[in-house]
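We count ligands from 1, going down the list as the structure has it; atoms in each ligand are counted the same way. All values reported here derive from a predicted model rather than from experimental measurement.
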Amino acid sequence: MKALITGATGGIGSALAEELAQKGVHLILASRNVAQMEEMQNRLPAPVEIVAVDLTRREDCYALYERVKNKKVDILINNAGFGVLGHFSETALETELEMLALNVEAVHILTKLFLADFRRRNRGYLLNVASSAGFLAGPGMAAYYAGKNYVLRLTEAIHEELRQEGSAVRICALCPGPVQTGFQKRAGIRAGMKGISPKQAARAGLRGMVRNQAVVLPGVSTKLGYLGQKFLPEELVLRMTYAIQSKKKG
Ligand SMILES: NC(=O)c1ccc[n+]([C@@H]2O[C@H](COP(=O)([O-])OP(=O)(O)OC[C@H]3O[C@@H](n4cnc5c(N)ncnc54)[C@H](OP(=O)(O)O)[C@@H]3O)[C@@H](O)[C@H]2O)c1
């Protein structure tokens, strides 16, 4: 088995790489930090190839696909992503466009290209790392939440299309709440938010992907949060989300 993981140098991506390497899965890691990927190449107990890419650049997304398309990838994990915290009127436009290019456009491009190959072979797994933010509007982190809504809904829709076709190809959205990774620092979220471990998120995602779940909510608090937002009035959920985002400011 061969798996391509975007954003494998830290957090959830790194934990996914470790879980798969333990199972002897051949890895292709695609991120910017070459030194970190080389360290993983030396450490992990499975063959590891590395591809240096900046997936905010559309041409790098295509170049990544061209580089690996004949390697018979069985699993694509779209994990690379980051967040931008703050009122929409105050956040930097360029940073937010980069975030959307990575969190939305790169996921769209790679899903499209690999799904076509997987359907031709009638085999393959896609795991898109969305977020519990994908179920909500996110005042205080508006564009990040909107982008994750896109990834979640895209994945759910493709899951149903594949089911209708009777395809053996699988696609799954992993929707964690807070996870202890480098994500918080990059987004400017102050320390102290509790969350599950990257390992817990990775294990739940891989399990759900293999079981053909459309959506995976790792951890009890993520599941409770999901139920809460489903049954509470939307206006109240918006206010609660805003209060949570406001607390995250450092
Ligand atoms: N942590 C949370 O609380 C949480 C909750 C829900 C969902 N998520 C989602 O989980 C995913 C992984 O995040 P994480 O929490 O593991 O964060 P992280 O520890 O900051 O890891 C992010 C990964 O994305 C890669 N990356 C960032 N910019 C990139 C670029 N331009 N091109 C290619 N790779 C890039 C980084 O690698 P390089 O720096 O080497 O490029 C790194 O490996 C994201 O999609 C995030 O939205 C996180």
Side-chain angles (χ1 to χ4, degrees), residues 4-19 27-41 50-61 63-64 77-85 94-111 127-136 138 141 143-152 154-155 173-202 204-205 215-219 221-222 225-226 244-245 248:
L4 167 61
I5 307 175
T6 72
T9 56
I12 300 170
S14 172
L16 284 161
E18 277 165 28
E19 289 296 317
L27 300 176
I28 307 173
L29 310 180
S31 311
R32 297 165 305 171
N33 187 336
V34 175
Q36 183 59 29
M37 288 192 283
E38 284 172 350
E39 186 278 322
M40 293 174 76
Q41 194 171 39
I50 60 179
V51 187
V53 273
D54 179 348
L55 295 174
T56 60
R57 295 154 54 98
R58 199 180 282 187
E59 59 271 30
D60 280 24
C61 297
L64 172 60
I77 302 182
N78 281 306
N79 165 73
F82 71 95
V84 174
L85 181 70
E94 282 307 314
T95 314
E96 231 160 37
L97 290 176
E98 268 183 23
M99 177 188 73
L100 293 172
L102 181 65
N103 295 10
V104 176
E105 197 171 281
V107 175
H108 186 115
I109 293 170
L110 294 174
T111 298
L127 180 63
N128 286 339
V129 181
S131 168
S132 58
F135 296 105
L136 299 163
M141 218 173 173
Y144 176 76
Y145 275 60
K148 291 297 182 181
N149 273 265
Y150 183 90
V151 174
L152 173 59
L154 180 77
T155 306
L174 172 60
C175 295
V179 186
Q180 294 149 14
T181 69
F183 177 88
Q184 282 75 11
K185 191 170 175 211
R186 184 161 183 198
I189 295 170
R190 75 177 166 83
M193 289 275 305
K194 285 204 187 118
I196 62 171
S197 70
K199 188 174 182 168
Q200 202 180 339
V215 179
V216 173
L217 298 158
S221 56
T222 312
Y226 172 76
I244 291 168
Q245 297 312 320
K248 288 183 180 171

Item to check | Protein residues having a heavy atom less than 4.0 Å from any atom of ligand 1 | outcome: G7, A8, T9, G10, G11, I12, S31, R32, N33, V53, D54, L55, T56, N79, A80, G81, L102, V129, A130, S131, Y144, K148, P176, G177, P178, V179, T181, G182, F183, Q184, R186
Checklist outcome for this item: The reported gap from OG1 in T155 to CG in N78 (rounded to nearest 0.5 angstrom) is 8.5 Å
Next on the checklist: Working to the nearest 0.5 angstrom, can you tell me the gap between L64 CG and L4 CG?
Outcome noted: 5.0 Å
Item to check | Polar side-chain atom of N128 near backbone of A130 as donor-acceptor pair, under 3.5 Å | outcome: no
Checklist entry - Centres of the F183 and Y144 rings: under 6.0 Å? => result yes
For residues 94-103, which side-chain N or O atoms pair as donor and acceptor with protein atoms under 3.5 Å away, sequence neighbours left out?
| unit_1 | atom_1 | unit_2 | atom_2 | d |
| --- | --- | --- | --- | --- |
| E96 | OE2 | T91 | OG1 | 2.7 |
| N103 | OD1 | F82 | N | 3.2 |
| N103 | ND2 | F82 | O | 2.7 |

Checklist entry - How about Q245 and Y145: does a side-chain donor come under 3.5 Å of a side-chain acceptor? => result yes
